[in-house]
Amino acid sequence: MATMEGLIGLVNRIQRACTVLGDHGGADSALPTLWESLPLVVVVGGQSSGKSSVLESIVGRDFLPRGSGIVTRRPLVLQLHKTEEGMQEYAEFLHLEKKRFTDFSAVRREIQDETDRITGRSKQISNVPIHLSIYSPNVVNLTLIDLPGLTKVAVEGQPESIVQDIENMVHSYVEKPNCIILAITPANQDIATSDAIRIARLVDPTGERTFGVLTKLDLMDKGTNALDVLEGRSYRLQHPWVGIVNRSQVDINKNVDMIAARRREREFFNSSPDYAHLASKMGSEYLAKLLSKHLESVIKARIPGIASLINKSIGELEAELDYLGRPVAIDAGAQLYTILELCRAFDRIFKEHLDGGRPGGDRIYAVFNHQLPVALRKLPFDRHLSVENVRKVVSEADGYQPHLIAPEQGYRRLIDSALNYFRGPSEASVDAVHFILKEIVRRSIGETQELKRFPTLQAELAAAANEALERFREDSKKTTLRLVDMESSYLTVDFFRNLPQEMDNGNPYAAPEIRYAEGHFNRIGSNVSLYVKMVSETLRNTIPKAVVHCQVREAKRSLLDHFYIRLGKMEGRQLAQLLGENPEVMERRQQCGKRLELYKSARDEIDSVSWSR
């Protein structure tokens with residue numbers, strides 16, 4: 001069966017671990033965390049209400065800064081850890097790891113110095129908390145948060161907004177449902193004007209989370225008492241009010257220790273005619289036990305929810321670690337294997353883009369099905385084969401002696417210069433596919449989740465792939481232009497032999513001025529146009545074949561071949577550089593790993609306890 005100390009100690013250890021990892025909600029936190037699912041006690045009160053004295057009474061040590069006006073200027077997250085009897089008491093600050101304080105006057109000075117580090121030696125406040133853990137056999141397991149005292153006016157050196165700033169800070173803590181409010185009110189003040197009760201009522205109108213504490217009972221006017229408050233008649237809470245008698249300033253000046261102070265406190269209540277009947281439920285020792293008992297019941301009620309949150313968080317953290325990837329091996333062989341696996345993952349995604357599993361390959365088809373045909377149709381053959389240009393080319397080809405029957409040289413010159421126009425669309429098709437492939441490489445690298453950790457390898461992989469694509473482009477250009485040159489190098493003779501023989505006015509031997517009329521050159525242009533269209537249809541089919549063979553097929557088959565050869569020649573240091581991770585990813589993985597360890601430890605501790613029902 002779980003003991004009270006065991007339950008609260010468990011929660012305290014989890015809270016401590018959360019604090020170390022930064023997995024806790026502060027005043028500005030909006031995310032639900034394990035920290036925020038665990039109960040904690042927030043001490044609220046006006047300035048000079050005795051908050052610090054109450055905390056010191058619970059701890060049994062004099063360790064908090066004192067003075068007039070606003071002394072607590074940053075939240076103090078105080079975690080008390082009960083140790084075995086006989087062990088030395090010590091304190092630790094989160095901002096001073098591995099440094100133990102056994103002198104509690106040094107703890108006081110460090111709190112003051114750490115406060116000044118953020119706020120300066122002024123009366124400003126900050127919502128950045130100070131985290132302090134105290135280990136002692138004389139404490140109960142508790143987590144308490146001391147906040148700046150509520151005030152009604154700004155004093156010299158403070159901004160006019162200080163009143164609202166403090167109230168906003170206090171409100172941000174006490175509004176959270178895991179918060180138990182310890183509302184401190186001086187007994188010599190009218191309860192109706194209590195700042196602590198006012199703000200507690202705002203966030204906890206039913207009083208379920210509020211514990212009322214009356215301080216300075218020994219300073220009330222003679223003949224008066226606080227029984228109406230302590231017995232719940234003035235302001236009723238669901239939990240009993242507790243009266244506290246703190247050390248007086250004289251006691252503090254005389255360095256009266258806490259053991260003596262607690263003894264005097266017990267004597268005050270036992271000997272008081274007003275409070276003797278309540279003595280067993282008064283005092284700082286009773287308050288600490290009351291809070292512990294309440295925490296036990298709260299923890300028991302919340303353990304199922306906490307366990308559920310922990311299990312959910314473990315699943316999310318493990319998924320994120322899988323997403324981030326595991327740490328890289330330091331062995332060169334293992335590093336090379338890792339790089340090759342990453343390259344294969346990229347190559348697989350790259351091929352999926354080309355083969356239709358992902359978008360990209362359809363854009364290459366669009367080049368062949370739309371861009372190339374449109375470019376071929378837009379070639380300026382109408383101008384090139386106009387009567388004027390045909391006459392000019394044929395005449396230049398004839399030279400000083402006109403052709404006798406058919407202007408063969410003229411035909412050849414017209415066809416050769418016309419086919420030269422096909423070089424532009426051929427090269428444009430090659431370039432268009434090249435840029436699509438480069439974009440697919442870029443997208444594939446970005447979509448290869450395993451590569452996100454390694455920016456250097458991403459850059460090297462992109463450079464190697466783009467170098468390969470450049471080689472493929474040059475080969476593809478040579479091949480497609482060779483197709484055009486082949487058409488120019490050898491004309492299809494049968495095409496012209498099958499054309500009807502030219503007949504000018506039915507007489508092939510007509511006079512030159514008749515034979516060289518406009519109709520003659522029209523027929524030449526028309527014949528050349530028919531041949532060019534035939535070649536255009538051929539190239540429309542062969543250019544895509546050449547481009548796919550030289551670029552797309554090679555990219556699928558050997559995109560990283562040269563990179564693999566370079567990898568095989570690399571030394572361990574170079575391989576390690578390729579696997580250099582993004583520092584943010586490394587930091588995130590480290591934080592996830594620590595948090596996962598924390599959550600698993602918390603789960604194991606919860607599972608190891610047999611909860612009483």
Side-chain angles (χ1 to χ4, degrees), residues 343-382 418-451 458 461-488 492 529-564:
C343 291
R344 280 190 280 270
F346 155 76
D347 197 49
R348 183 175 60 255
I349 291 175
F350 178 75
K351 289 175 180 176
E352 287 176 3
H353 276 288
L354 293 177
D355 294 335
R358 298 171 187 254
D362 55 320
R363 294 175 57 199
I364 294 176
Y365 176 72
V367 171
F368 304 146
N369 191 54
H370 177 72
Q371 180 178 319
L372 177 61
V374 169
L376 292 174
R377 286 196 299 270
K378 288 184 177 179
L379 292 176
F381 293 131
D382 289 344
L419 296 185
N420 196 52
Y421 283 115
F422 289 122
R423 299 175 71 90
S426 300
E427 291 183 299
S429 298
V430 170
D431 289 338
V433 171
H434 174 74
F435 288 120
I436 292 171
L437 290 172
K438 283 185 67 175
E439 174 63 16
I440 291 176
V441 165
R442 186 190 67 79
R443 291 183 62 177
S444 298
I445 289 175
E447 292 171 7
T448 305
Q449 193 58 50
E450 301 92 331
L451 275 174
Q458 286 185 52
L461 203 56
N466 289 332
E467 285 176 11
L469 292 179
E470 286 292 344
R471 291 195 300 272
F472 302 154
R473 171 162 72 168
E474 290 306 311
D475 186 41
S476 185
K477 276 191 177 181
K478 290 177 183 177
T479 302
T480 54
L481 293 179
R482 191 174 292 119
L483 290 175
V484 176
D485 293 341
M486 286 165 56
E487 294 292 343
S488 299
T492 305
S529 177
L530 289 173
Y531 185 79
V532 168
K533 286 180 180 178
M534 180 190 73
V535 173
S536 178
E537 287 299 316
T538 301
L539 292 177
R540 179 177 175 178
N541 293 320
T542 56
I543 287 174
K545 295 178 187 294
V547 170
V548 169
H549 179 80
C550 296
Q551 289 175 269
V552 180
R553 178 176 171 273
E554 283 302 302
K556 290 175 63 177
R557 189 177 65 86
S558 60
L559 182 65
L560 298 178
D561 279 6
H562 283 66
F563 184 62
Y564 292 148

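Values below: all heavy atoms of this structure, side chains included; hydrogens, waters and symmetry mates excluded.
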Checklist entry - With the threshold set at 4.0 Å, does a side-chain nitrogen-carboxylate oxygen contact exist between Arg442 and Glu439? => result yes
Checklist entry - Are any of the side-chain heavy atoms of Ile445 and Phe350 separated by less than 4.5 Å? => result no
Next on the checklist: If you define the side chain from C-beta out and look only at heavy atoms, does anything of His370 sit under 4.5 Å from Val374?
Outcome noted: yes
Item to check | For Gly360 against Ile436, the heavy-atom pair lying closest together | outcome: O-CG2, 4.0 Å
Next on the checklist: Against the six-membered ring of Phe435, is Arg473 placed for a cation-pi contact (under 6.0 Å from the centre, within 45° of the normal)?
Outcome noted: yes
Item to check | Ser476 side, atom OG; Ile543 side, atom CD1 - distance, nearest 0.5 Å | outcome: 9.5 Å
Item to check | Close side-chain approach of Phe368 to Val547, heavy-atom, < 4.5 Å | outcome: yes
Checklist entry - Would the number of heavy atoms belonging to other residues, nucleotides or ligands and lying under 6.0 Å from OH of Tyr564 be above 12? => result yes
Checklist entry - Can you find a heavy atom in the side chain of Leu376 that is under 4.5 Å from one in the side chain of Arg540? => result yes
Checklist entry - Do you know the tightest heavy-atom contact between Ser558 and Phe472? => result OG-CZ, 3.8 Å
Next on the checklist: Salt bridge or not between Asp347 and Lys351? Use side-chain N to carboxylate O under 4.0 Å.
Outcome noted: yes
Checklist entry - Judged by atom type as modelled, is there a donor-acceptor pair below 3.5 Å linking the side chain of Asp475 to the main-chain atoms of Arg471? => result no
Next on the checklist: Give me the atom names and distance for the closest heavy-atom approach of Ala418 to Phe381.
Outcome noted: O-CE2, 3.3 Å
Next on the checklist: Return the OG1 to CD distance between Thr480 and Gln551, rounded to the nearest 0.5 Å.
Outcome noted: 8.0 Å
Next on the checklist: Can you confirm whether more than 12 heavy atoms, excluding those of Asp382, are under 6.0 Å from its CG atom?
Outcome noted: no
Checklist entry - How far apart are the closest heavy atoms of Ala468 and Leu559, and which atoms are they? => result CB-O, 3.3 Å
Next on the checklist: Using side chain to side chain contact (heavy atoms under 4.5 Å, CB included), reason through Val484 and Val535 one step at a time and then give a plain yes or no.
Outcome noted: CA-CA 9 Å; Val484 176; Val535 173; over 6 Å; no
Checklist entry - When rounded to the nearest 0.5 angstrom, what is the spacing between CD1 in Ile364 and OG in Ser429? => result 12.0 Å
Next on the checklist: Measuring only between side-chain heavy atoms, which start at C-beta, is Arg443 closer than 4.5 Å to Pro359?
Outcome noted: yes
Checklist entry - Just how far is it from atom NZ of Lys545 to atom CZ of Arg553, taken to the nearest 0.5 Å? => result 13.5 Å
Next on the checklist: As a quick check of understanding, evaluate side chain to side chain contact (heavy atoms under 4.5 Å, CB included) for Tyr421 and Val532, giving each step before the final call.
Outcome noted: CA-CA 10 Å; Tyr421 283 115; Val532 168; over 6 Å; no
Next on the checklist: Between Arg363 and Val433, is there a side-chain heavy-atom distance shorter than 4.5 Å?
Outcome noted: no
Next on the checklist: Using modelled atom types and a 3.5 Å cut-off, is there a donor and acceptor pairing between side-chain atoms of Gln458 and backbone atoms of Leu451?
Outcome noted: yes
Checklist entry - Between CG of Leu379 and CZ of Phe422, what distance do you get to the nearest 0.5 Å? => result 6.0 Å
Checklist entry - Are the side chain of His353 and the backbone N or O of Ile440 linked by a donor-acceptor pair below 3.5 Å? => result no
Next on the checklist: Would His549 and Glu554 count as a side chain to side chain donor-acceptor pair (under 3.5 Å) here? Give the steps.
Outcome noted: CA-CA 7 Å; His549 179 80; Glu554 283 302 302; 5.7 Å; no
Item to check | Nearest atoms (heavy-atom pairs only) where Asn420 meets Arg423 | outcome: OD1-CD, 2.9 Å
Checklist outcome for this item: Nearest heavy-atom approach of Gln371 to Ala428 is NE2-O, 3.7 Å
Checklist entry - After noting the C-alpha distance and the side-chain angles of Val430 and Leu481, does the key distance pass the side chain to side chain contact (heavy atoms under 4.5 Å, CB included) rule? => result CA-CA 10 Å; Val430 170; Leu481 293 179; over 6 Å; no
Checklist outcome for this item: Rounded to the nearest 0.5 angstrom, the CG-CG distance for Leu483 and Leu419 is 12.5 Å
